[in-house]
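What follows is a short report on a single structure.
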Amino acid sequence: QVQLDESGGGLVQAGGSLRLSCAASGSIFSINAMGWYRQAPGDQRELVASITSGGSADYADTAKGRFTISRDNAKNTVYLQMNNQKPEDRAVYYCKGEGIRYYRFASGEDYWGKGALVTVST
């Protein structure tokens, strides 16, 4: 069984910074991509940023220039550094692990964390 645990959410003032972490634990041989999604009240869940096992990152337009995704493969952990935060960044942020395999020849599965709330005050 695989579990993803987010941490680092909380309250931040507009213009401030926050760093989210997500650690994957359990029977893990490899993880393909890891990503951060967010969902604001009444909205659909949307991709914020993703990163492959090789370190190739992709960002939503709303995150470009302000957020940085990084990853520690040895720790099965992904980070999201959020700078210059805006009130519209307020959402529950979810971590996703894609193509997680518990041994080399297993088929990969996707897992989600339970989410971390980020609130940005004006």
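- Of the charged side-chain nitrogens involved, none lies within less than 4.0 Å of a carboxylate oxygen, so that Arg38 and Asp43 do not count as a salt-bridged pair.
- Residue-environment remark: CD (Glu88) exceeds the threshold of 12 foreign heavy atoms within 6.0 Å.
- Asp58 and Ser50 are not linked by any side-chain donor-acceptor pair at a separation below 3.5 angstrom, with hydrogens and angles left out of the test.
- A cation-pi arrangement is absent between Arg71 and Tyr79, since the terminal nitrogen or guanidinium carbon is not both under 6.0 Å from the aromatic centre and inside a 45° cone about the axis.
- The closest side-chain heavy-atom distance from Val120 to Gln13 is not below 4.5 Å.
- With Thr62 contributing its side chain and Ala60 its backbone, the two residues share no donor-acceptor pair below 3.5 Å.
- Linking Ile, Leu, Val, Met, Phe, Trp and Tyr residues whenever their side-chain heavy atoms come within less than 4.5 Å places Val12 and Leu80 in a single cluster.
- Considering every non-hydrogen atom in both Ala14 and Thr122, the closest pair reads CB-CA, 4.4 Å.
- For the pair Ser53 and Met34, the minimum side-chain heavy-atom distance is 4.5 Å or more.
- The shortest side-chain heavy-atom distance between Ile100 and Ile28 falls under the 4.5 Å cut-off.
- Taking all atoms of both residues into account, the shortest heavy-atom contact from Ser25 to Asp5 is OG-OD2, 4.5 Å.
- Closest non-hydrogen pair, Gln85 versus Leu18, comes out as OE1-CB, 3.3 Å.
- A single hydrophobic cluster is seen to contain both Leu4 and Ile31, as judged by linkage of ILVMFWY side chains at heavy-atom distances under 4.5 Å, directly or through other members.
- Follow the hydrophobic side-chain contacts under 4.5 Å out from Val92 and you never reach Val118; the two are in separate clusters.
- Shortest non-hydrogen contact noted between Phe67 and Tyr59 is O-CE2, 3.3 Å.
- Within the 4.5 Å cutoff, side-chain heavy atoms of Lys86 are placed close to those of Arg66.
- To the nearest 0.5 angstrom, Met82 atom CE is 11.0 Å from Thr68 atom OG1.
- Arg101 CZ to Phe29 CZ: the interatomic distance, rounded to the nearest 0.5 Å, is 6.0 Å.
- Nearest approach of Glu6 to Cys95, heavy atoms of both residues: OE2-N, 2.9 Å.
- By the 4.5 Å heavy-atom criterion applied to side chains, Ile51 and Val78 are counted as neighbours.
- Heavy-atom minimum distance, Tyr93 versus Val48: CE2-CG2, 4.2 Å.
- Looking at heavy atoms from C-beta onward, Lys96 lies in side-chain contact with Asp110 at the 4.5 angstrom threshold.
- The distance from atom SG of Cys22 to atom NZ of Lys114, rounded to the nearest 0.5 Å, is 12.5 Å.
- Using a 4.5 Å heavy-atom cutoff, the side chains of Gln3 and Tyr111 are not in contact.
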